[in-house]
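Predicted model, so just to flag it, every value in this text is computed and none were measured. Just the heavy atoms: all of them, side chains too, but no hydrogens, waters or symmetry mates, feed the values below. In the text below, chain A, chain B and the rest are named by the order of the sequence lines, each starting its count at 1.
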Protein chains: 2
Amino acid sequence: MADVAEKAGVSRALVSIVFRNQPGASEETRQRVLRVADEIGYRPDNAARLLARGRSRTIGVMFTVHQTFHTDLIEGIYPEAERLGYDVLLSAAAEGRSEAKAVEALLAHRCEALILLGSDAEAAYLDELGRRAVTVSVSRRVPQARVDFVHSAEGKGVRLAMDHLVELGHRRIVHIDGGRGPGSAERRRAYRAAMRRHGLESEARVIPGEHTEESGIETGRLLLAERDQGLPLPTAVLAGNDRCAMGVLMAMTRGGVEVPRDLSVVGYDDSHLSHLMPIGLTTVRQDARLMAEYAVRFAVERLEKPELEPREAVLDSKLVVRGTSGPAPEAAR
Amino acid sequence: MADVAEKAGVSRALVSIVFRNQPGASEETRQRVLRVADEIGYRPDNAARLLARGRSRTIGVMFTVHQTFHTDLIEGIYPEAERLGYDVLLSAAAEGRSEAKAVEALLAHRCEALILLGSDAEAAYLDELGRRAVTVSVSRRVPQARVDFVHSAEGKGVRLAMDHLVELGHRRIVHIDGGRGPGSAERRRAYRAAMRRHGLESEARVIPGEHTEESGIETGRLLLAERDQGLPLPTAVLAGNDRCAMGVLMAMTRGGVEVPRDLSVVGYDDSHLSHLMPIGLTTVRQDARLMAEYAVRFAVERLEKPELEPREAVLDSKLVVRGTSGPAPEAAR
DNA sequence: TACTCGCACTAGAGCGCGCTAGTAGAGCGC
DNA sequence: GCGCTCTACTAGCGCGCTCTAGTGCGAGTA
């Protein structure tokens, strides 16, 4: 920076002004400074900048590798953050790298706000985070914690899916839940309520699971094993999310069950995956773009008005009917 | 830091020593400092640290959102970087956020090394990056640029896939290439060579494409349209990567073509996707873990010995036969 | 003429650390 | 007693920037 200043015949302060795009420099000097900077390959050091400024204007995003819905969200976070003049730092949770570790990395980089995609942290930890930095939890709702929430209308999504299945004549509908995963509790509850509402209470069955393909495969195998022991196969499966649904599809198809003739499968997320199945996955659509925008906006607004109370955005869900859902087999109606 | 020092009754320097895990503090003092720090919620500021130290010990990783193979790689990068004492920063390229933009963000954060996952930048740009920072290109080989390369044996992978198809009796094998995507040139070349070697030169056909599902779908539709005009459908498709293969599968299945009875499809990457298809995608396996480890190691080694010349690692490829490849239809043999 | 104002620009403190050069004191051999 | 080494600790500079409080100057105003 000093080199640029000297070569352009101005002070360092002026160079700073130019690079911050602030008023206080004549157009002529501005151009000269930029030209000189370009010549000697100068670019401002973010770390020093951040340090001097006292503010980082950086939003940290924690996501989980392999969660395709998260990448959908990330895609929406970048442009909105940029529009509002914020930088984005990504940190992934993965096998061997816990969510807490990923978050620590973000905090060490002095992110002012955290956006947690599908966190499965405990309420106390979330609350602590929320007090340490502006925090937005996407997909996961933990009312006890001092954080903003952005999620879709889980209840509505499940209700739409269940109505669709019941309308197709299904009665033996099982739900594979997402364990402690984001949204799981709400979806489970909504499933039970829907079964009750349709008078299918006695058929209701929640199989514990996770938001992974493996979990779907496992559950698929379990159901096949039950069938081989003479128990009836369900005619429809409402999976905890798309990945789990894909796992179910895979296990079932391998086991000779034809979808959707013998079995209907409904996912949740409308992540990138849903389009991939040759026949298309029937799923509940969450508007990733909109969720991302809300998350960023919540964070920024609370950053700029710290006295604001955390808020909650519940975005609409829609059912997207594709190829994996069809009429229940006559025999099972 | 000053607060911690005061409360613990030591100097700032001593606190610094404790947090850097350096010798020069008694075990007793160390514990006391750490306890006090925890009490007042102090954690070192990465930016200041980086600034004072002059080195960031940070590796920047550029990846493309939705490229599932990239998330496989990221999962391998974290532990290896941690093992070697480096921090990792992620920056995603996405629609509306170019690769260059993602890289700039990393450089502004003073990453000492860049790992580019499947870059499709021009040679000149890569070379420039390579001179500005230690750069490792994964999957993409650009010998003219001063960067390290880590990729798998594309030639071998394609050869294995082609031998497999030919052995199954396929003759009309088309290749959808990946445009300027990483590895595409090598795969294309290897495809042509394999066709020649098997005396199928006259059947060789490369359809321009991309490494996306959309491209696969498009190509699938193209082939179906050709069929409807009376042209023969190929009996096998070697896609540019798994995503493209998924697209082909989807388009074809929708068009009433049964896989693998009427058509065999082979992908490339063995990314997470490959397991997802109900019948499993036959694909060429690249060892993501190993590639990630090599990438990090190359970066770190060159960071610590700047006089080192850039190197190249070519990792073995394997064919993973799953459900999407089968014997060619009798009529086409 | 004396003044105010706005514009272009500058001096220099300070952001939170790391690091070098140093000190103080204990232990040791001679 | 002296010098020596070793351990535990400290003073204070400087990393590359931002930002506040200025300075100097020409134009406009009373």
Side-chain angles (χ1 to χ4, degrees), chain A residues 1-37 40-58 85-87 104-112 132-133, chain B residues 1-37 40-58 85-87 104-112 132-133:
Chain A
M1 190 177 191
D3 295 350
V4 174
E6 194 185 347
K7 212 170 170 193
V10 295
S11 69
R12 290 190 312 104
L14 215 267
V15 177
S16 170
I17 286 172
V18 170
F19 271 91
R20 277 177 295 135
N21 249 325
Q22 289 245 328
S26 67
E27 191 48 39
E28 190 197 330
T29 317
R30 208 173 279 273
Q31 293 307 327
R32 184 155 35 90
V33 168
L34 289 176
R35 208 184 49 236
V36 171
I40 49 183
Y42 164 83
R43 78 187 59 225
D45 180 331
N46 232 310
R49 225 172 182 172
L50 190 159
L51 185 62
R53 188 164 49 196
R55 284 202 52 187
S56 65
R57 292 191 76 85
T58 299
Y86 280 76
D87 216 10
E104 283 309 312
L106 293 174
L107 286 175
H109 279 282
R110 287 294 186 268
C111 290
E112 300 182 313
R132 212 192 285 167
Chain B
M1 189 176 191
D3 294 351
V4 175
E6 195 185 347
K7 213 170 168 192
V10 296
S11 68
R12 289 193 312 103
L14 216 268
V15 177
S16 169
I17 285 172
V18 170
F19 271 90
R20 278 176 293 134
N21 250 325
Q22 289 244 329
S26 66
E27 191 48 38
E28 190 197 330
T29 317
R30 206 173 281 273
Q31 292 308 326
R32 183 155 36 90
V33 167
L34 288 175
R35 207 184 51 236
V36 170
I40 50 183
Y42 164 83
R43 78 187 60 227
D45 181 329
N46 233 312
R49 227 173 180 170
L50 189 161
L51 186 61
R53 184 166 52 194
R55 283 202 53 185
S56 65
R57 292 192 75 86
T58 299
Y86 279 75
D87 215 10
E104 283 309 314
L106 294 174
L107 287 176
H109 279 282
R110 287 294 187 266
C111 290
E112 299 182 314
R132 212 193 284 167

J.: Roughly what angle, to 10°, lies between the helix axis at the start of the helix from dT1(C)-dA30(D) to dC30(C)-dG1(D) and the one at its end, five pairs per end?
T.: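 One end axis against the other gives 50°.
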
J.: State the CZ-CG distance between F19(A) and L14(A), to the nearest 0.5 angstrom.
T.: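 If we round to the nearest 0.5 Å, F19(A):CZ and L14(A):CG are 11.5 Å apart.
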
J.: Taking only residues two or more places apart in sequence, or in another chain, which ones meet D87(A) in a side-chain hydrogen bond (donor to acceptor under 3.5 Å, both in side chains)?
T.: H109(B)

J.: Could you work out, with salt bridge (Lys or Arg N to Asp or Glu O under 4.0 Å) as the rule, every residue matching E6(A), not counting sequence neighbours?
T.: none

J.: Report the residues that fulfil side chain to side chain contact (heavy atoms under 4.5 Å, CB included) with L106(A), sequence neighbours left out, ordered by chain and then residue number.
T.: M62(A), L89(A), S91(A), C111(A), L114(A)

J.: Near DNA chain C, under 4.0 Å by heavy atom, which residues of residues 25-36 of chain A?
T.: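 Under 4.0 Å from DNA chain C: A25(A), S26(A), T29(A).
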
J.: A48(A): which residues meet the side chain to side chain contact (heavy atoms under 4.5 Å, CB included) condition with it, sequence neighbours left out?
T.: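 With sequence neighbours excluded, A48(A) shows a side chain to side chain contact (heavy atoms under 4.5 Å, CB included) to D45(A), L51(B), given in chain and number order.
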
J.: Name all pairs fulfilling the salt bridge (charged side-chain N to carboxylate O under 4.0 Å, His left out) condition that reach into residues 24-36 of chain B, sequence neighbours left out, sorted by first residue then second.
T.: none

J.: Among residues at least two apart in sequence or on other chains, which ones pass side-chain hydrogen bond (donor to acceptor under 3.5 Å, both in side chains) with R53(A)?
T.: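 With sequence neighbours excluded, R53(A) shows a side-chain hydrogen bond (donor to acceptor under 3.5 Å, both in side chains) to no residue whatsoever.
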
J.: Can you name the residues that form a side-chain hydrogen bond (donor to acceptor under 3.5 Å, both in side chains) with S26(B), not counting sequence neighbours?
T.: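 With neighbours one apart ignored, the set is T29(B).
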
J.: Which nucleotides of nucleotides 14-19 of chain C have their base under 4.0 Å from a protein heavy atom (B), which only their sugar-phosphate (S), and which neither (-), written as one string 5' to 3'?
T.: BBBBBB

J.: Nearest whole angstrom, please: distance from the P of dT23(C) to the CG of L14(B).
T.: 18 Å

J.: Apply ring-ring contact (aromatic ring centres under 6.0 Å, His included) to Y86(A) and list each qualifying residue two or more places apart in sequence or on a separate chain.
T.: none

J.: Would you please name every residue forming a side chain to side chain contact (heavy atoms under 4.5 Å, CB included) with S16(B), sequence neighbours left out?
T.: M1(B), R20(B)

